[in-house]
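The structure appears right after this line, and notes come after that.
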Number of protein chains: 2
Amino acid sequence: MNIGEIARRAGVSRSTVSYALSGKRTVSEVTRRRILQVIDEVGYRPNASARALAEGRTRTIGLVIPPAGRRLTPVQLGFVASIVAAAGRHELDVLLSPSGGDHDRSFERLISGRRVDGVILTEVRLRDARAARLRRSGVPFVSIGHTAGAEAGCWVDLDYEGLIARCVHHLADLGHRAVALVNRPQEFLDSGYGPASRALSGFTAAAAERSIEATAVCCPDEATAGETCVEDLLSIRPEITAIVTVNEVALPGMERALRRLGRAVPERFSVTGVVGRHWAEEFHPPLTAADVPVTEMADRAVALLVERIATPAAPDRHVLLTPPISLRASTAPAR
Amino acid sequence: MNIGEIARRAGVSRSTVSYALSGKRTVSEVTRRRILQVIDEVGYRPNASARALAEGRTRTIGLVIPPAGRRLTPVQLGFVASIVAAAGRHELDVLLSPSGGDHDRSFERLISGRRVDGVILTEVRLRDARAARLRRSGVPFVSIGHTAGAEAGCWVDLDYEGLIARCVHHLADLGHRAVALVNRPQEFLDSGYGPASRALSGFTAAAAERSIEATAVCCPDEATAGETCVEDLLSIRPEITAIVTVNEVALPGMERALRRLGRAVPERFSVTGVVGRHWAEEFHPPLTAADVPVTEMADRAVALLVERIATPAAPDRHVLLTPPISLRASTAPAR
DNA sequence: TTGTATGCGTTATCAA
DNA sequence: TTGATAACGCATACAA
């Protein structure tokens, strides 16, 4: 079923059908009705490929996520769901591309095959080959997280540096003198993953400013890893009375370790950081933390991308979010 | 950059370029080399829309997941990642569609706009409107999970009924006389979600067969819900000595409740069921359970879909997997 | 208010 | 071994 067949059945020309559908030309009410009636009867919808070819745009955006091998954290998965939802509100479909390395087939198909009008990049590194590749290709893109260089392009990000610093100040205000940062995995830090490296610098700076004894450790994205991580940490530095973290997946394990070590939260130990809301609420007791505003970030990213597709020449726009720290029940004055 | 431009630069016709790329016609080695050289220099890739229009296929499949509002469980998210990976191996891109209701825009775009060559449906219900719609539309599809009717189409599924029955038999063999099933949320059962309803029937049947006192409860997909669920359960029926579950998300909460109630696993209480491998291993002690073979199911589903796209008229094929129950450490003889 | 004709970038058929 | 050319289904500039 194509537009010609609709035209034939409605007794008009193909262009009239096209205009009746797009509204880009006035069509008399009677013929419009007749056309819509026929379309409704046969369940016609324009062929997306033909339309894309003629229009020069696909009404599709690409969503680049880390490759399948690497386990996605719940927050990342939240991004996928929220971005798809936001895109849907703009009548955009989403093509998923699991790309990590530079020479990735699906990524290349996406951008050089004109499969998408724009791309949303997740999990960007401080120096990111994919961002560089996109910039060269000229395909509009927005990244969640931002690169180091000035040539960053559009992005929306969370101010990890500032937020983690705030957490440290909060703990310092409560009288904690020895604090640890439980960061994302070591390889994330090594590869220049923004949240990990910015959390570290924010932590280090704020601790120095408040003359706090700071210990920073990396921890794999696993609950069990969080358990051993905290055990090791407190056996080496038993003076530590509080933890700041950006590793939500490790949180349940950290909780277990603290319980086993007799460090009751918040009476004898405080925990805070930047994590997904769900994980903060699942913690016992509920975690005082900055919640990652997944939905808002996704919405902003899609909105930015839509803008950019419409006006590719416009200057880069950046959105740096600093959500409030939700005071729950996991921090208290140091004893 | 298009094929005509490549042809011009290589001094050949467009068709020769096309054939050099597809290999569907022999092209002399010299001209082929020259063409590839030019293509390499300018970084040309065929326009996907034009190719789709000419070829009549998009080299894209649709992946239908539950709408964004509903939280995806880790296993479902594993499916998304694995399916995208499997599709990539077949040089297929994946269009994500979060669709639940019947009248869903993105779902309709997908199938009636010829955006995809086929669809993979996840989270199917016993009676599924989307499956019915796909069948009517004629778009090839494979579902993960199967409907009740004979008009099921292609699917791959896990034998929840048989697996849960096996778990019950395992517990019966160990001497347990009062066993509970912790199922997925009530609304899943009500809406005819396959795994929930089949787990229930397998549980009921096996328990009857072995004259076991059976208690079946539903539990929201939340760790905290698992906690209260087990507490309530054991306060009402303290004689219960074992739990069978298909609710992996509730598992951490169940673990906490059992610990608090002094029901040491496996000495004083046994736990088993069908859950994602990761969750089974994260349980303390590691859970004796049938692991949901996410990767295998995704691979089989994609393979089935590729077959179906190639031969739409072929009879429906079904894959019902029965992975072994991995003996870990969470079950022991009843005391 | 509507119809005709052209182009979008490929693939594939028909000639040579 | 290669080149011209007709689809593919739609949008749109140009006519009427």
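Being a predicted model, the structure only gives us computed values, none of them experimental. Computation of the quantities below employed the complete heavy-atom set of this structure, encompassing side-chain atoms and omitting hydrogens, waters and symmetry-equivalent molecules.
- Side chain of A:Ala50, nearest nucleotide from D:dA11, D:dA4, D:dG9: D:dG9.
- Taking a cutoff of 4.0 Å between a charged side-chain nitrogen and a carboxylate oxygen, A:Arg105 and B:Glu91 qualify as a salt bridge.
- Using a cutoff of 4.0 Å between basic side-chain nitrogens and carboxylate oxygens, B:Arg135 and B:Asp128 are not scored as salt-bridged.
- Here the side chain of B:Ser15 is nearest to one of C:dT6, C:dA12, C:dT4, namely C:dA12.
- B:Asp157 places no side-chain N or O within donor-acceptor distance of the main-chain N or O of B:Leu320, the cut-off being under 3.5 Å.
- Residue B:Arg14 is classed as a base contact, given a heavy-atom separation below 4.0 Å to a base.
- To the nearest angstrom, P of C:dT11 lies 12 Å from CD1 of B:Ile6.
- Atom CD1 of A:Ile39 and atom P of D:dC10 are 10 Å apart (whole Å).
- Side chain of A:Leu53, nearest nucleotide from C:dT1, C:dC8, D:dA11: C:dC8.
- Taking atom CG of B:Asn47 as the reference point, atom C1' of C:dG9 lies 6 Å away to the nearest angstrom.
- Remark on DNA chain D: of its neighbouring residues B:Val27 and A:Pro46, the 5'-side contact belongs to B:Val27, judged by nearest-heavy-atom nucleotide.
- Mapping B:Ser49 and B:Ser22 onto DNA chain C by nearest heavy atom places B:Ser49 at the nucleotide closer to the 5' end.
- Look at A:Lys24 and you won't find any side-chain N or O under 4.0 angstrom from OP1 or OP2 of D:dA11.
- Annotation for B:Arg33: atom CZ does not count as buried by contact number, only 12 or fewer foreign heavy atoms lying within 6.0 Å.
- The side chain of A:Ser28 has C:dT2 as its nearest neighbour among C:dT10, D:dA11, C:dT2.
- Listed candidates were D:dG9, D:dC8, D:dG3. Nearest to the side chain of A:Asn2 is D:dG9.
- Proximity note for B:Thr31 (side chain, C-beta onward) versus C:dT11, D:dT2, D:dC10: the nearest is D:dT2.
- For a distance-only test at 3.5 Å, the side chain of A:Arg25 qualifies as a donor-acceptor partner of the base of C:dG3.
- Remark: B:Thr16 is in phosphate contact with D:dG3, judged by side-chain N or O atoms under 4.0 Å from OP1 or OP2.
- Within 6.0 Å of the CZ atom in A:Arg114, the count of heavy atoms belonging to other residues, nucleotides or ligands does not exceed 12.
- Not one side-chain nitrogen or oxygen of A:Ser18 sits closer than 4.0 Å to the OP1 or OP2 atom of D:dC10.
- Rounded to whole Å, the distance from CE on B:Met1 to C1' on C:dC8 is 16 Å.
- Counting heavy atoms from C-beta on, the side chains of B:Leu36 and B:Leu21 come closer than 4.5 Å.
- When the side-chain nitrogen and oxygen atoms of A:Tyr19 are compared with OP1 and OP2 of D:dA13, none of them lie within a distance under 4.0 Å.
- Regarding B:Arg34, its CZ atom lies at a distance of 8 Å from the P atom of D:dT2, rounded to whole Å.
- Look at CZ on A:Arg33: it is 15 Å from P on C:dT1, rounded to the nearest Å.
- In this structure, CD of B:Glu55 is placed 15 Å from P of D:dC8, rounded to the nearest angstrom.
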